[in-house]
Participant: 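For reference, the structure I am asking about is given below.
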Amino acid sequence: MPSPQTIAKQTVAALIREARQAGWVRAKFEIRPDGSVTVDAGMTETEGGDDFLEDDLRMGK
């Protein structure tokens, strides 16, 4: 019987293939040693990580 890690890797490989075929913009997978998987995927790009203005590094919009 395959290990939980092997099963998780096979599942992620299939999800990546399907995500590409579906036209997803982003798909991030994190596999833990116990075989659990965290998925962050979507049809749009994520927003920028912060709202700092480059000129003065103050928060702003």
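Numbering starts at 1 and runs along the sequence shown. These figures come from a predicted structure and were not determined experimentally.
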Participant: Residues in side-chain hydrogen bond (donor to acceptor under 3.5 Å, both in side chains) with T11, at least two apart?
Facilitator: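 So T11 forms no side-chain hydrogen bond (donor to acceptor under 3.5 Å, both in side chains) with any residue.
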Participant: Enumerate, atom names and distances included, each donor-acceptor pair closer than 3.5 Å involving a side-chain atom of residues 29-36, sequence neighbours excluded.
Facilitator:
unit_1 : atom_1 : unit_2 : atom_2 : d
R32    : NH1    : S36    : OG     : 3.3
R32    : NH1    : T38    : OG1    : 3.1
R32    : NH2    : T38    : OG1    : 2.4
D34    : OD1    : S36    : N      : 2.8
D34    : OD1    : S36    : OG     : 2.7

Participant: For residues 14-23, please give each side-chain donor-acceptor pair under 3.5 Å, one per line with the distance, not counting sequence neighbours.
Facilitator:
none

Participant: To which residues is M43 joined in a hydrophobic cluster, defined by side-chain heavy-atom contacts under 4.5 Å among Ile, Leu, Val, Met, Phe, Trp and Tyr, whether direct or through other members?
Facilitator: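 So far as hydrophobic clustering goes, M43 is joined with W24.
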